[in-house]
Every structure is written in structure tokens, then in C-alpha cells.
*Asks:* 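Please find one structure pasted underneath; my questions will follow.
Because the structure is a prediction, the values reported are computed rather than measured. As a basis for the values below, the full set of heavy atoms in this structure was taken, side chains included, without hydrogen atoms, waters or symmetry mates. One-based numbering, in listed order, for ligands and for the atoms of each.
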Amino acid sequence: MHSDAERILISEEQIEKRVKELAAQLDKLYEGHKPLVVCILKGSTIFFADLVRNMKAPIEIDFMAVSSYGSGTVSTRELIVKKDLTTDIKGRDVLIVEDIIDSGNTLYNLKKMLITRAPASLNIVTLLDKPERREAPIEPEYKGFVIEDEFVIGYGLDYAEAYRNLPYVAVLKRSIYEN
Ligand code: PRP
């Protein structure tokens, strides 16, 4: 285990098993369709790569980088699109892949924006869900693990851009982010 980690929250084995289960569920959902699977940079890259490799449905992939800007209520937050899709999603079945839903502001605003482009369907799969922290009314259709309100790193998730390549999800030691 990394010396900055307090403990491993979700092991490599647990992630691998859950990713396979999710991929099988998604294959069933998209049977006879060709979904566009969208990776939300950067946190979801590792989950995305493992998920799509386990899916048997004929998929296409695309990437987006967004962040929600500002504080306060949901309606005052603004979605900043740092990198947009290159695919026209009108009439497409779109699957958004996220690493974590925290306040929900990012996904709430992203979903609202993508809906205006008239996809045939729009579903969200997140590896981690922290429902305790929710501010915006958003519920992912598929989720890997529900976690408590702890600072997590690894498997794509960072603290100050570090730790994304850890193969497990761990709780970061308080001493690293306090001070
Ligand atoms: C994280 C995560 C979600 C968002 C969740 O991204 O990937 O997009 O924050 O937070 P919310 O539910 O409170 O809106 P981040 O902005 O840290 O970027 P990164 O994926 O590049 O690390």
C-alpha cells in the first residue's frame, strides 16, 4: 500500500469483479444498439478503460473534460467545458462514465447540457457514489460502490494530480491534505 494511504477502501480484486458485473449489465442494456461511451477526463480514465474492455457490445468512445465552477446553490454553478465531444450525439445512445459523484453538480449540469443535443438515451455509470455529499438532484443509473464521505484516491482519482495510477481505491491520510 502507498505510504500516503491510510487504508485500502476497495481492493483491485473487488474493483475487477464489480467492473465485470457492470459491463455485463450494460451489455444487456445496449443489446442491439451501438452506444457512445463517454469518458469524463481525467478521473474516469482507468475505470473507463477497464469497463469498455469488459463490454462486448459494439461501442464507440469519446472524451470530455468539464468542471463545475463557482460555489453556492446548484442553479448558480456553471459548467465549464474544457474539452467537448467530437461526436454528434443526436439520436445516439450515450453512456457517461464517471469516477465519482460527490455534490453531483458536475453531472447535473453536464446531463442538462447534453440533453439539449437530443440523444436517443442518456445513462450514467459511476464507479463511486458519495450520496452524503449530494447537493444536486442527480442519481446515476449504474454505480460500482457507495462510499462514505472520505477523501479517496487511486484508480483514476487524485489529490493534487497524484495517485491516479494506484490500482486500488484508498483513503488518503489526513496529514497529506491538512496543513
Ligand atoms: C471530479 C469527478 C467528477 C466531479 C465530481 O472531477 O471526476 O467529475 O469531480 O464532483 P461533484 O459531484 O461534486 O461535481 P475533477 O473536477 O476533480 O476532475 P478530474 O476528474 O480531472 O480529477
*Asks:* Does a salt bridge link Arg164 with Asp99, judged by any charged N lying under 4.0 Å from a carboxylate O?
*Replies:* no
*Asks:* Tell me which residues fall inside the under-4.0 Å heavy-atom shell around ligand 1.
*Replies:*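 Shell around ligand 1 (4.0 Å, heavy atoms): Leu41, Lys42, Gly43, Glu98, Asp99, Ile100, Ile101, Asp102, Ser103, Gly104, Asn105, Thr106, Asp158, Arg164.
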*Asks:* Output side-chain donor-acceptor pairs under 3.5 Å for residues 145-154, partner residues at least two apart or in another chain, one line each.
*Replies:*
from: Glu150; atom 1: OE1; to: Arg7; atom 2: NH2; distance (Å): 2.9
from: Glu150; atom 1: OE2; to: Arg7; atom 2: NH1; distance (Å): 3.2
from: Glu150; atom 1: OE2; to: Arg7; atom 2: NH2; distance (Å): 3.0

*Asks:* Pick one: which of Leu107, Val94, Leu110 meets side-chain contact (heavy atoms from CB on, under 4.5 Å) with Ile124?
*Replies:* Leu107
*Asks:* Mind checking what makes ring pair (Phe, Tyr, Trp, His ring centres under 6.0 Å) contact with His2, not counting sequence neighbours?
*Replies:*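 Partners of His2 under the ring pair (Phe, Tyr, Trp, His ring centres under 6.0 Å) test: Tyr163.
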*Asks:* Is Glu21 salt-bridged to Lys17, going by a charged N under 4.0 Å from an acidic O?
*Replies:*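 Salt bridge between Glu21 and Lys17, a charged N being under 4.0 Å from a carboxylate O: yes.
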*Asks:* Going by the rule ring pair (Phe, Tyr, Trp, His ring centres under 6.0 Å), which residues pair with Phe48 if we only count those two or more places apart in sequence or in a different chain?
*Replies:*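 Phe63.
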